[in-house]
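All values below come from the heavy atoms of this structure, side chains included, with hydrogens, waters and symmetry mates left out. What you are looking at is a predicted structure, and each value in this text was computed from that prediction instead of being measured. Chain identifiers are assigned alphabetically (A, B, ...) following the order of the sequence lines, protein sequences preceding nucleic acid strands; residue numbering begins at 1 within each chain.
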Protein chains: 2
Amino acid sequence: MISDPQQRDQILDVFPFLRAASPDFREALFDTATSMRLPAGHLICQDGSQCAALPLVIAGTGRVYKLGENGREITLYRIEPGESCVVTASCILSDRPFPAFAECETEVEALVVRPNDVRRWMADSAPWRAYIFGLIAERLQEVFGVLDAVLFQRLDQRLIARLLSLRTASPTREIRMTHQALAVELGSSREVISRVLKGLEGQGLLRATRGLIELLDIPELERRARDG
Amino acid sequence: MISDPQQRDQILDVFPFLRAASPDFREALFDTATSMRLPAGHLICQDGSQCAALPLVIAGTGRVYKLGENGREITLYRIEPGESCVVTASCILSDRPFPAFAECETEVEALVVRPNDVRRWMADSAPWRAYIFGLIAERLQEVFGVLDAVLFQRLDQRLIARLLSLRTASPTREIRMTHQALAVELGSSREVISRVLKGLEGQGLLRATRGLIELLDIPELERRARDG
DNA sequence: TGCGCTCAGTGACTTTGTCACCCTCGCTTG
DNA sequence: CAAGCGAGGGTGACAAAGTCACTGAGCGCA
């Protein structure tokens, strides 16, 4: 139950589709959903387990990833404010185990919806349906994209692309991130990332120091991300 | 418009969820959907293009795959009678381009549903929703599984698993398939498959001749598919 | 018989992942 | 302060997989 008017407003801001929905639906949602605060690192879903609820992220980010037996892992996508892990949703709607891990990357504030409500609203509310489907399709595309990258693209190109995209958030030329973290993003291993970075450094495209990567020749990096 | 009573019965047999649906819905479906026959090899969807309709497969099988620039490809999943390419559905429902290729593997007879009907029935019919969601979740799991296999499993193990699963359909010890076809299934290349097969042959686990693979030591192969 | 096609084998090389081990930096703590 | 420790990073040797270029084997067919 969400009763605080301020929090309601915040939720409406983060989930614009709610404004398009009927007042009845909004009331039902505020009535039955609960708000939760989860610490960074909290495991939301385990590979192979059933999902007990659908969290809609209000603040913070979640991360969904696959983990191999060897311990290697790869990030599939992130869940930003206003989004939700729709893979969870589809698992709820069809009673299947979740096929990956989901965890809080930062502290997360989420609106938690019960499986039965998820189901009911799929029938009752067109905006809710549109919201869920939009997310499903988006995730599907992201996962397909990851698969494509892993199978068909060279690691150096993928790494460059990722470095550039990490930069777009705050368009500086410095990226504060460990090699290990980059390996996890790309589904590779630390040693390999180190090697590739060293190669790029040797070509004068960037400079890597402990926990920091400085992009030197951004135009050339962009060219490589495009053409190979 | 499906008017032939025999064809209607066939469709009800292939899509059991229709029997659970209301007569109104069934009528609407038979009224607005059309039946189509596509030749083997026909391209249903291209990577990056919009989907114009949702085909429900009545007979034959479709194949959905990713294609790399280099020409390498990987099969993501198949669409059997009674199923449908829900990635298409999710693309339709959210107006996004299709992120892979879909083609007819055999001649395919399909029930073609217009995007607007897909959308409308999501609102009107609970069985239709359950059907679509079930498929979406199933596909998602298959794709996640492929990603997992590609990233974290050794090729020999994957190959063995695939050979065994190909056999389950007709549980003989012979598999009629080219190395190239196996490569496409697993997202590898012919040469590599040839090498791996040769390795397994050297260990006396199977025998490979032109277009035919004969499994010799099935218990050991099963053990390897499990334990590595 | 010879031609052309699909299918498969091979060797050299590159890219990527793995393993074992080392180093360095920054911090805590006795 | 020195010792120790943990996180981050470097390295070399090797294994697994993909790529390229080429060869040859089987098979149908004019």
State whether [X] and [Y] are salt-bridged, where the test is any N-O pair (Lys NZ or Arg NE/NH1/NH2 against Asp/Glu carboxylate O) under 4.0 Å.
| X | Y | value |
| --- | --- | --- |
| A:Glu214 | A:Arg173 | no |
| A:Glu185 | A:Arg78 | yes |
| B:Glu220 | B:Arg224 | yes |

Check: Can you check the B:Glu69 CD to D:dT19 P distance for me, whole Å?
Finding: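 After rounding, the reported distance stands at 11 Å.
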
Next item on the list: Check the distance between D:dC20's P and B:Asn70's CG and give it to me in whole angstrom.
Entry: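 In whole Å, D:dC20 P lies 8 Å from B:Asn70 CG.
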
Atom [atom1] of [X] and atom [atom2] of [Y]: how far apart are they, to the nearest 0.5 Å?
| X | Y | atom1 | atom2 | result |
| --- | --- | --- | --- | --- |
| B:Glu201 | B:Leu206 | CD | CG | 6.5 Å |
| A:Ile160 | A:Gln153 | CD1 | CD | 11.0 Å |
| B:Glu103 | B:Arg63 | CD | CZ | 5.0 Å |

Note to self: Can you classify the ring geometry of B:Tyr131 versus B:Phe15 as parallel (below 30°), tilted (30 to 60°) or perpendicular (above 60°)?
What the structure shows: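 Correct class here is perpendicular.
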
Next item on the list: Provide the start and end nucleotides, 5' to 3', of the part of DNA chain C that has atoms under 4.0 Å from heavy atoms of chain A.
Entry: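 Counting from the 5' end, contacts occupy C:dT15 to C:dC25.
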
Margin query: Can you pull out the residues from residues 146-163 of chain A that lie within a 4.0 Å heavy-atom distance of DNA chain D?
Written below: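 By residue number: none to list.
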
Next item on the list: Not counting sequence neighbours, list each pair that qualifies as a salt bridge (charged side-chain N to carboxylate O under 4.0 Å, His left out) and has a residue in residues 86-100 of chain A.
Entry: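 Checked against salt bridge (charged side-chain N to carboxylate O under 4.0 Å, His left out) - neighbours excluded - the pairs reaching residues 86-100 of chain A are A:Arg96-B:Glu138.
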
Checklist line | First of A:Arg72 and B:Leu197 reached from the 5' end of DNA chain C, by closest nucleotide | finding: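 Looking at DNA chain C, the more 5' nearest nucleotide goes with B:Leu197.
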
Next item on the list: Name all residues meeting the side chain to side chain donor-acceptor pair (under 3.5 Å) criterion together with A:Thr106; count only those two or more places apart in sequence or in a different chain, and write none if there are none.
Entry: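 So A:Thr106 forms no side chain to side chain donor-acceptor pair (under 3.5 Å) with any residue.
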
May I have the list of side-chain donor-acceptor pairs in residues 42-59 of chain A shorter than 3.5 Å, sequence neighbours left out?
from    : atom 1 : to      : atom 2 : distance (Å)
A:Asp47 : OD2    : A:Lys66 : NZ     : 3.4
A:Ser49 : OG     : A:Gln46 : N      : 3.4
A:Ser49 : OG     : A:Gln46 : O      : 2.8

Check: Nucleotide by nucleotide, 5' to 3', does protein get under 4.0 Å of the base (B), only the sugar-phosphate (S), or neither (-) in nucleotides 6-12 of chain D, counting heavy atoms?
Finding: -BBBBB-

